[in-house]
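Take a look at the structure set out below.
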Amino acid sequence: MNDSKVFQPTSLGDLMKIYQDYPQALLLAGGTAIAREQKGDGPFELPNIILHINRISELQRISRTERYFEIGSCVPISRILKVGQHVLPKVFTHALHNIAHPAVRNMGTIGGNLSHQPRRLNTFGPLTILDARVELRKSGNSRWVQIPRLFTKAGDPALEPGELISRIRIPFVDWNLQFYQRIGDPFTKPKSSITFTALTDVKKGEITDFRGAFTFLGKSFLRDRELETLITGKKVPLSERIRSEARSLFRSALMELPGEVTLFQKQRALRLLQWYLSALHEPTSELMY
Amino acid sequence: MKIRFTLNGRAVEAQTSTSTRLVDMLHKDLQIKSLHPSCYDGQCGNCAVILNGELVFSCLLPAFAVQETSIYTYEGIVNTLEYNDIISGFHDEKAYPCAYCLPAKVVITQSILESTLDPTEQEILETFSGTYCPCTNFNNLARGVIRAGEYRRRRLHER
C-alpha cells in the first residue's frame, strides 16, 4: 500500500493554500467517525492526500455574543460541553452527550460530526432545527449557510471544491420544551438506529411553535414542514383527531424516504413521534428528555 | 513518515507508514506492551492513553496525529507517586482489575484525577463506560477512584 501524503498545517492561511491545490484531500481533525467506518484491525485505509487540521488555532476558537454561540469546526466535543454546558440549547448538549463516550468526545470534533459523509450523525438534527449556520471558507471567499445546505437532497456533500467548514454559529433560543433521543448506534446498528429532535413552545396551553426532525441510516434526514404547521397553534394535550392527522402526514413522509431506511426504522420513528405528541403538555419545571 | 513526540516524558521519534494506527505504532514499534490492541473500534478501552492531558483511545487515531504532542501510557505512570495513590485507592475499595485490564484502568483513572481530584461517581462511571471489562466490579472501581483522589489530595496538601 502506498503511503498517503499528509499535510499538517498550523495556520488557516496555510491550510487554505494547500486545500486549494489539493481539493480532493481528506480533511481529518479528530478522525473518530472516519476511524469507526473502517472495519477490522490493521492499518487505516486512507486516500492519497490527507490534510490533518487539528493544529489550527483559528479553527479551535469558541466565542459568544448576546445572540449566538460560535464554535470553531475543530473544537473537540468535550470542550464544547465543558465551556457551553449551561448556555447552549439543551437539545444540542444532550446530542453531544450522546456521542459515544468521553474518550471519543475528547478526540471527535463538531465539524467532523456535522460533515461526516456516509451518515448524518448526532448534531445534524439539533443544529438544523435550531437554525444554526455554518461558515464555509475557501481561499479568498467565505459564506454562511444553513445546516441542510451542507448536503444535496440525495445526501451527498454540497460543498464546493476547496471549501471547508470553519465555524458553526448557534443562536441562543428560548424554547420551553426541548427533546432529543437517539436510539441505537449508527456505526454498530445502522439498520435500526434513529435520532429524533424536537423543539416545542407551549404558552397558556397552546403550541405556539413546533419543529421536529429525524435522522436515519446513512444519509436520510426527515423534517416535515406540513406536520410542523399542523401541530402549531393547537391546544395541549393534542386531541386524538390531530394526533391521527399527524400520524397520517408522517406516514406519507416516511414512505417517500429512500430504500436504505428500513421498515423497522420507519416504525420506530412513527412510534416515537406518536409518543411525543401524546406526551405534549403545558411545561412544568422539568424539560422533556 | 517521521513522527516526533514526547512519550512518557521522553522525546521519541518513530518512522512509520501514514496509515498506521497509533496503538500499533506504540505497541509494536515503541514496545509499549501495556497496550492491548483488541477491538480496533474504540469500544474496549484497552488502548487508552493520555494525549496532551486528555484520555483518548489510540486505536482510533492515526499515528501521524500525535506529531509534536505528549503521550502518557501506563509505563509512564507506574513507579510514580500517582500510581501509588491509584493502587491504594483500588485496594481500599476492593477493586482488583486483572493483569490484562489494570493498565487501562490506571490510565483512565489518572486522566480522571488530572481533571479533578474530587470526581463524582457519575463522572467516573461515564468515563469508564467506553471500556469493556468482565473482571471488575465497577461500583468498587468508582469508589476506588474517589479514594485515590482523596489520597492524592492529602499527599499534595502535605507537601
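Labels below follow one simple rule: chain letters A, B, ... track the order of the sequence lines, proteins then strands, and each chain is numbered from 1.
When A:Ala100, A:Gly30, A:Gly31, A:Gly40 are compared by the number of non-hydrogen pairs under 4.5 Å with chain B, A:Gly40 comes out ahead. Top candidate by heavy-atom pairs under 4.5 Å with chain B, chosen from A:Asp41, A:Leu28, A:Asn54, is A:Asp41. Comparing A:Lys5, A:Arg55, A:Gln38 by heavy-atom pairs within less than 4.5 Å of chain B, the highest count is held by A:Arg55. Between chain A and the options B:Ser129, B:Ser38, B:Ala65, the largest number of non-hydrogen pairs under 4.5 Å is found for B:Ala65.
Contact detail for A:Gln117 and A:Lys219: the closest heavy-atom pair is O-CE, 3.8 Å.
Two rings, from A:Tyr22 and A:Phe7, have their centers less than 6.0 Å apart. Ring centroid separation for the pair A:Phe179 and A:Trp275 comes in under the 6.0 Å cut-off.
Test B:Tyr132, B:Phe128, B:Phe57 against A:His101 for ring pair (Phe, Tyr, Trp, His ring centres under 6.0 Å) and you get one pass: B:Phe57.
Using a 4.5 Å cut-off between heavy atoms, A:Ile50 contacts chain B through its side chain alone, with no backbone atom that close. Within the 4.5 angstrom heavy-atom criterion, no atom of B:Cys39 approaches chain A. At a 4.5 Å heavy-atom cutoff, the contact between B:Thr16 and chain A is made by backbone atoms alone.
B:Thr20 places none of its side-chain heavy atoms less than 4.5 Å from the side chain of B:Ile3.
A salt bridge is defined here as a Lys NZ or Arg NE, NH1 or NH2 lying under 4.0 Å from an Asp or Glu carboxylate O, and B:Glu75 with B:Lys33 fails to meet this definition. A salt bridge is absent between B:Asp118 and B:Arg152: the closest approach of a Lys/Arg side-chain nitrogen to an acidic carboxylate oxygen does not fall below 4.0 angstrom.
Residue-level contacts of residues 86-113 of chain B with chain A do not occur; threshold 4.5 Å between heavy atoms.
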Evaluate the side-chain hydrogen bond (donor to acceptor under 3.5 Å, both in side chains) criterion for residues B:Asn52 and B:Ser70: first the C-alpha distance (whole Å), next the side-chain angles of each, then the deciding distance (0.1 Å), finally the verdict.
-> CA-CA 5 Å; B:Asn52 283 353; B:Ser70 167; 5.0 Å; no

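Although no hydrogens or angles enter the test, the distance criterion places no donor-acceptor pair under 3.5 Å between the side chain of A:Asn106 and the main chain of B:Glu54.
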